[in-house]
Amino acid sequence: AENPTLHPAGVNTASTHTHGPYSITNPLGRNHMREENYPVPPTDQGTTPHGTNRRALLTGTALTAVGIATAGTLASCATEQKQNDSKDNKSQEVKDTHSFFGEHQSGISTEVQDRMYFVALTLKTTDKEEIKKLFKDWTAASQKLMAGEVVGDVSTYEAPPKDTGEAYDLSAAHLTLTFGLGRSFFVDKDNKDRFGFKDKLPAALVNIPKMSGDALDDKRSGGDLCIQACADDPQVAFHAIRNLIRIAAGRAVVHWSQLGFGRTASTSTSQVTARNLFGFKDGTNNLKIQEPELLKKHVWASSENSEGNPDWMNGGTYLAARRIRMIIETWDRSRLHEQEDIIGRTKVSGAPLSGGEEFTTPDFNMKGKNGPIIPDDSHMRLMHPNQNNGVQMLRRGFNYTDGSDGLGHLDAGLFFIAFVCDPRTHFIPLLDTMTQSDALSEYLKHTGSAVFAVPPGIKDENDFIASGLF
C-alpha cells in the first residue's frame, strides 16, 4: 500500500514515527516526503495546526518523533532528510494548486484537467439554516482540499479521522471544485417552494425538455445540488468528493455520480485538442480561457445575456450535463469515409473536409460529388457557431466507461459538460438540433441529463458558497 499506515502510539517499528495520538509508518521512504510547510507539533493532543500540507504531514511526524530511536540517531536522520529534501525540492517543486477564491468558481475558466469525479446530491434536511451551514462547511473544506491540505483536525485514536487519508501523500494535483444548484433546490415538480428559495429561482434554470431518442434514466439525472471535482490525479478528485459527501452526512446524500477520464475538449490555447472515444478530435472550436470577452458574452450570466437573471447569479453560469453512451461496436464497423462524413472532419488531422488544417475555417459552400463536401447533416456543420447565430459554449466534458451492459457491449461514451450564460439560448436549441438532425445521433444514446445554476465565486474567507441566497 502506498498510503501511510496508522498504529497506536508507542509501537516500536523501525520506520514508524510518533505524532500525538498516532504513529505513522511511511513505506515510501524519506525522500518521498517533502520538506516545505512542516507542521508545528500540536500543543493539544489530537489536533493538527491550521493549513497542514498533506505531504508535509508525513514529514512533520518524522521530525517530531519521540522514543523511537536515540536522540542522536533521530537528529542525524532528520538532518540527512532535510538535506536530501532540500535538494529534491529545488529541482522538483511544482506549483499545482488553484485558488478557491475569485470572481468565478474554479473548474470553469481554468485549464481543464484529465480526470473528473462528478456527483449530484439530494437534500435530506428541510432546514434553511442547516443548508447554509452545509455550504459554509463545504467552503471551509474546499479551501483545504484545493490547497492540498488535510481536511479537519487530526482526530484522537478513539475516533474516526476527519480526513479519509487516501490523499495524504499526494499533492493538490490542480484540483478544482465547482458547486451547482438544481431546479429542484428551489421548487418541486409542482413548482412549490421546497426550502424557502423559490423567489430566488433564476428564470434560466429550466428543465431540459424531452429530446428525440432520449433514453434517460432518472437515477442518472437531475439533483438538488452538484459538485464537480477535476484534477490531474483521479485519486485526488475522488478524495475531494468523498470527503465533501462525508461532511454532508445527515443533510444531503448522493443521487448519482460519474467518473470521467481523458478530457474531451481543450480550454486553453496551450492544450492540444483531445479525442473522444470515436477517435476524432473533439471541441476544436471550443471557447478558450484566453478569450475573456467571449466568456463574458457566452458563459458568465448577467442581465445582458440572460433574461430575468437575478442579481445573486451575476458572474455565475449554468452547467449543462448529458451522459451520452456511444454505440462503439456499430461505429467500429463503419467505413472511414462514412465516419468522416458524419463528423465533417478528417479523422487523423481534424481538418474540415473542405481542406486545410484543424483550425482552418470550414467552407460550408464547397461542393463535393454528391452535394456539399461537408454534408448538411454532419456534426461539425450543425454545431458550428456560424450555423447557430454565433452561439458558443465552454465545453469541459470527459470520456467515461462504466463496464459493460450485460449484453457483451461496452458502456462507454462521453460525459458532456458545458458552461453557458443561459441554457434557453445557448444549450437547449443546439441539443434539439443535434438529436433531431445530426447524423452522429445514430451512434449515440443519451442516458442522463441535468442542468445546474453555478453561483459566482467565493470572494474571500468571509464568504461562502451561494452566499447571495441568504
Side-chain angles (χ1 to χ4, degrees), residues 112-118 120 208 210-221 228 230 234 256-266 272-286 319-350 353 358 375 377-384 393 395-418 427 430-450:
V112 63
Q113 306 90 321
D114 269 341
R115 300 291 185 267
M116 176 218 66
Y117 192 19
F118 189 99
I208 297 176
K210 183 175 177 57
M211 296 290 169
S212 176
D214 268 358
L216 301 182
D217 183 351
D218 289 341
K219 294 180 180 179
R220 295 184 180 275
S221 302
Q228 173 194 261
C230 298
W256 57 271
S257 64
Q258 183 67 59
L259 282 167
F261 71 93
R263 59 181 177 83
T264 58
S266 60
V272 298
T273 307
R275 293 182 184 270
N276 58 36
L277 296 186
F278 282 157
F280 278 78
K281 291 189 174 185
D282 208 344
T284 293
N285 292 312
N286 197 33
L319 184 160
R322 299 282 284 190
R323 185 181 185 273
I324 305 173
R325 180 179 172 184
M326 294 177 166
I327 314 303
I328 289 176
E329 293 78 11
T330 304
W331 178 265
D332 289 345
R333 293 193 294 269
S334 301
R335 291 171 293 180
L336 178 59
H337 80 79
E338 181 181 355
Q339 291 185 2
E340 292 188 340
D341 281 348
I342 289 171
I343 299 299
R345 294 183 177 274
T346 61
K347 190 163 190 175
V348 175
S349 71
L353 296 182
E358 179 188 353
D377 60 354
S378 66
H379 179 70
M380 191 260 284
R381 176 189 282 268
L382 291 174
M383 295 295 104
H384 197 278
M393 60 180 73
R395 292 184 50 179
R396 236 174 171 271
F398 293 83
N399 296 314
Y400 81 84
T401 179
D402 285 334
S404 63
D405 62 1
L407 301 173
H409 304 128
L410 292 174
D411 182 359
L414 167 66
F415 188 68
F416 180 93
I417 296 174
F427 181 70
L430 277 73
L431 181 62
D432 184 48
T433 297
M434 178 181 175
T435 55
Q436 288 200 56
S437 307
D438 195 331
L440 186 60
S441 291
E442 180 182 347
Y443 301 88
L444 304 175
K445 185 177 182 181
H446 294 242
T447 59
S449 180

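Not measured: the values here are computed from a predicted model.
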Trainee: Could you tell me whether a side-chain N or O of E329 sits under 3.5 Å from a main-chain N or O of L410, the two making a donor and an acceptor?
Mentor: yes

Trainee: Are any of the side-chain heavy atoms of E340 and R335 separated by less than 4.5 Å?
Mentor: no

Trainee: D214 and salt bridge (charged side-chain N to carboxylate O under 4.0 Å, His left out): which single residue from R323, K445, R325, R322 fits?
Mentor: R322

Trainee: Give a yes or no answer on whether the side chain of T264 reaches the backbone of G397 with a donor-acceptor pair at less than 3.5 Å.
Mentor: yes

Trainee: For side chain to side chain contact (heavy atoms under 4.5 Å, CB included), just list the numbers for T433 and M383, CA-CA rounded to whole Å, side-chain angles, deciding distance to a tenth of an Å, and then say yes or no.
Mentor: CA-CA 8 Å; T433 297; M383 295 295 104; 4.2 Å; yes

Trainee: Taking all heavy atoms of A265 and all of A274, pick out the closest pair and write down the distance.
Mentor: N-CB, 4.2 Å

Trainee: I'd like to know if the side chain of S437 and the backbone of M434 have a donor-acceptor N/O pair within less than 3.5 Å.
Mentor: no

Trainee: In Å and rounded to the nearest 0.5 Å, what is the CG to CG distance from D341 to L336?
Mentor: 9.5 Å

Trainee: Using side-chain heavy atoms (C-beta onward) and a distance below 4.5 Å, is C230 in contact with R396?
Mentor: yes

Trainee: Would you say W331's side chain and F278's backbone share a donor-acceptor pair under 3.5 angstrom?
Mentor: yes

Trainee: Taking the side chain as every heavy atom from C-beta outward, state whether L319 and F118 have any atom pair closer than 4.5 Å.
Mentor: yes

Trainee: Within the distance-only criterion (no hydrogens, no angle test), does the side chain of D377 pair as donor or acceptor with the backbone N or O of A439 below 3.5 angstrom?
Mentor: no

Trainee: Looking at every heavy atom in both D432 and M211, which two are closest together, and how far apart are they?
Mentor: CA-SD, 3.7 Å

Trainee: Taking atom OH of Y443 and atom CD1 of I342, what is their separation to the nearest 0.5 Å?
Mentor: 4.0 Å

Trainee: Looking only at heavy atoms, which two atoms of T447 and S221 are closest? And how far apart?
Mentor: O-OG, 4.3 Å

Trainee: Shortest non-hydrogen contact from M116 to I417?
Mentor: SD-CD1, 3.7 Å

Trainee: Just how far is it from atom CG of L440 to atom OG of S378, taken to the nearest 0.5 Å?
Mentor: 10.0 Å

Trainee: Please round to the nearest 0.5 Å and tell me the distance separating atom CZ of F415 and atom CD1 of I324.
Mentor: 10.0 Å

Trainee: Can you confirm whether the side chains of E358 and T284 place a donor and an acceptor under 3.5 Å from each other?
Mentor: yes

Trainee: Donor-acceptor check, side chain of N276 to backbone of G279, threshold 3.5 angstrom: yes or no?
Mentor: yes

Trainee: Could you tell me if the side chain of T435 sits less than 4.5 Å from the side chain of L444, heavy atoms only?
Mentor: no

Trainee: Looking at CD of E338 and CD1 of I343, how far apart are the two atoms once the value is rounded to the nearest 0.5 Å?
Mentor: 11.0 Å

Trainee: With side chain to side chain contact (heavy atoms under 4.5 Å, CB included) as the test, would you mind laying out the steps for Q339 and K347 before giving the verdict?
Mentor: CA-CA 8 Å; Q339 291 185 2; K347 190 163 190 175; 2.9 Å; yes

Trainee: Roughly how far, to the nearest 0.5 Å, is the CD atom of Q436 from the CG atom of L431?
Mentor: 10.0 Å

Trainee: Measure the shortest side-chain to side-chain distance between Y400 and D402 over non-hydrogen atoms and say whether it is less than 4.5 angstrom.
Mentor: yes

Trainee: Taking the side chain as everything from C-beta on, heavy atoms only, tell me whether Y117 gets closer than 4.5 Å to S257.
Mentor: yes

Trainee: Sequence neighbours excluded, which residues qualify as side-chain hydrogen bond (donor to acceptor under 3.5 Å, both in side chains) partners of Q228?
Mentor: T178

Trainee: Do you know the tightest heavy-atom contact between Q113 and R263?
Mentor: O-CB, 3.5 Å

Trainee: Please give me the minimum heavy-atom distance between A418 and M393, naming the atom from each residue.
Mentor: CB-SD, 3.5 Å

Trainee: Please check this pair: side chain of R381 against backbone of P375, looking for a donor-acceptor N/O pair closer than 3.5 Å.
Mentor: yes

Trainee: Any heavy-atom pair between the side chains of H409 and I328 that's under 4.5 Å?
Mentor: no

Trainee: Answer yes or no: is there a side-chain heavy-atom contact under 4.5 Å between F398 and Q258?
Mentor: no

